[in-house]
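Reading through the structure tokens given below for one structure.
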Amino acid sequence: MIKGIKIWAVLLIVCVSTMFSACTVRSPEVSKDIFAMDTFMNIRAYGENADEAVELCVHEIERLEDLFDAQDPKSEISALNREKTMEVSIDTADIISRAREVSTITEGAFDITVYPIVKEWGFTSGEYKIPDRDAIEALLENTGQDRIVVGSAGEIPDEKEVLVQMPENYEIGLGGIAKGYASDRLMEIFRQEGIGSGIVSLGGNVAACGTKPDGKPWRVAIENPDTDKKIKALKNTEYIGVVEVSDKSVITSGGYERFFEEDGVRYHHIIDPKTGSPADSGLISVSIISEDGCLADGLSTALFVMGREKALQCWSEHKSMFDCILVESDGSVTITEGIMSCFSSEIPYEVYRQ
Ligand code: ADP
Ligand code: MG
């Protein structure tokens with residue numbers, strides 16, 4: 001068995017011109033790299049409070065990781081996975097509710113209760129294996145996010161803790177949504193600190209605050225998911241294209257990010273909750289562009305599971321909430337019409353309108 005590799009890549013092209021005209025005042029830049037939530041992260045801010053803002057962001061990521069990491073026995077999610085019913089912090093209740101929202105609009109393609117199945121395939125430990133079908137069938141019995149209850153009747157909304165109840169044998173994992181949730185919190189910190197220009201990349205999940213210091217939109221490159229360079233239509237390029245954004249998140253999910261191979265077949269880490277196996281929808285990467293990073297993270301995983309047709313259907317029904325870039329295994333690229341004017345690419349692509 002070829003052990004899987006996690007290819008992390010900085011999807012980001014931060015085009016900060018170092019050549020400022022004589023009359024431009026240069027904003028101080030503060031940039032920090034950290035490793036958290038199992039990935040490399042970069043936090044960058046410009047302006048007077050940049051130092052403090054970046055520091056606060058690092059602490060916030062660490063605080064959220066301590067709550068959400070299902071692999072850490074001391075985290076709140078681990079406690080919930082053991083107890084099944086318990087009072088949790090507002091953040092934990094909030095992210096579970098957000099996951100529920102994504103699950104609802106994607107008809108269950110996003111489902112944090114597939115965590116025991118993700119574990120069974122070895123994606124949490126790195127000890128990859130193809131599980132027995134019977135084992136998967138048994139685990140599928142204990143999935144379905146609609147059976148998790150957040151909050152009890154009569155709860156006072158501003159209480160510090162919220163009751164979460166899940167059925168016996170349930171376990172949840174937030175790997176498909178936690179980075180997007182965190183990036184939204186970082187954008188909040190930037191705003192509170194008066195940062196007008198900043199960008200974060202949490203393992204390729206990018207969130208842009210304001211514009212670049214020169215007032216132009218941030219340029220975020222979308223990685224070519226064809227890492228083996230086998231798909232002719234994708235022309236061996238490093239990037240599928242570039243999106244120009246301000247105050248938006250650009251989040252990509254792809255089967256190339258974490259996988260293993262056995263007998264020439266590739267098994268990746270995005271699970272179809274209907275089958276309990278890696279999604280096989282014909283899509284090889286999905287990027288979501290949205291003001292809502294948490295939604296974008298959940299949707300990038302879910303639309304990858306749904307496949308092109310259902311993904312575009314979902315977009316048609318919720319187009320005010322997001323846009324997307326879909327890449328298929330034959331190299332076809334589709335973008336939705338909302339990003340038409342801010343997407344550029346050297347390879348041919350179709351614009352989906354409705
Ligand atoms: P990454 O975390 O590599 O950026 P994703 O955001 O697509 O990629 O999340 C993938 C992770 O989400 C998996 O490693 C797993 O923990 C979890 N996951 C896998 N399938 C699903 C699913 N259908 N719904 C929700 N979470 C999932
Ligand atoms: Mg995701």
Side-chain angles (χ1 to χ4, degrees), residues 4-11 36-41 65 68-71 77 81 95-96 98-126 128 136 139-140 143-146 148 171-184 201-207 222-223 225 249-260 267-281 283-290 292-307 310-311 322 324:
I5 42 168
K6 174 151 196 189
I7 299 171
W8 69 277
V10 180
L11 301 175
M37 298 185 172
D38 205 21
T39 194
F40 293 93
M41 301 185 167
E65 185 176 27
F68 297 158
D69 183 1
Q71 298 282 95
I77 288 299
N81 283 342
I95 195 170
I96 296 173
R98 297 298 322 268
R100 172 73 171 264
E101 229 179 280
V102 180
S103 185
T104 305
I105 66 174
T106 61
E107 289 168 4
F110 190 79
D111 191 337
I112 55 175
T113 68
V114 298
Y115 181 63
I117 298 173
V118 175
K119 273 204 294 195
E120 189 67 18
W121 281 88
F123 288 114
T124 52
S125 60
Y128 305 114
I136 292 292
L139 291 172
L140 279 170
T143 58
Q145 233 175 274
D146 46 348
I148 301 179
E171 278 186 26
I172 59 172
L174 301 172
I177 197 167
K179 294 195 287 284
Y181 185 88
S183 68
D184 283 346
S201 171
L202 312 186
N205 289 10
V206 175
I222 309 294
E223 197 182 356
S249 286
V250 181
I251 294 187
T252 300
S253 283
Y256 62 96
E257 288 173 332
R258 193 178 291 233
F259 63 85
F260 67 96
Y267 300 92
H268 60 72
H269 69 146
I270 301 176
I271 301 294
D272 183 341
K274 286 205 180 98
T275 63
S277 292
D280 185 16
S281 69
L283 290 175
I284 54 171
S285 103
V286 173
S287 302
I288 306 286
I289 297 92
S290 172
D292 184 335
C294 186
L295 176 83
D297 194 2
L299 282 180
S300 68
T301 310
L303 266 50
F304 184 92
V305 171
M306 293 162 89
K310 283 194 180 147
F322 73 97
C324 57

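We're numbering straight along the sequence, starting at 1. Whatever order the structure lists ligands and atoms in, that order sets their numbers, starting from 1.
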Element-labelled atoms of ligand 1 that are located less than 4.0 Å from some non-hydrogen atom of E257: 1 (P), 3 (O), 4 (O), 8 (O)
A279 and ligand 1 - part of the residue with a heavy-atom distance under 4.0 Å: neither
Sub-3.5 Å N/O-N/O distance, K179 and ligand 1: yes
G203 touching ligand 1 at heavy-atom level, < 4.0 angstrom: no
N, O or S from T301 under 2.8 Å to the Mg ion (ligand 2): yes
Where ligand 1 meets S253 - atom numbers and elements under 4.0 angstrom, heavy-atom basis: 5 (P), 6 (O), 7 (O)
Under-4.0 Å heavy-atom contact with ligand 1, by part of V114 that carries it: side chain
Close N or O approach (G176, ligand 1; < 3.5 Å): yes
Those atoms of ligand 1 less than 4.0 Å from some heavy atom in D297: 6 (O)
Nitrogen or oxygen atoms of P273 and ligand 1 under 3.5 Å apart: no
Under 2.8 Å: N/O/S of G176 next to the Mg ion (ligand 2): yes
Any A302 heavy atom less than 4.0 Å to ligand 1: no
Test item, R258 contacting ligand 1 (heavy atom, 4.0 angstrom): no
Non-hydrogen atom of F123 closer than 4.0 Å to ligand 1: no
H269, portion touching ligand 1 at heavy-atom distance under 4.0 Å: both
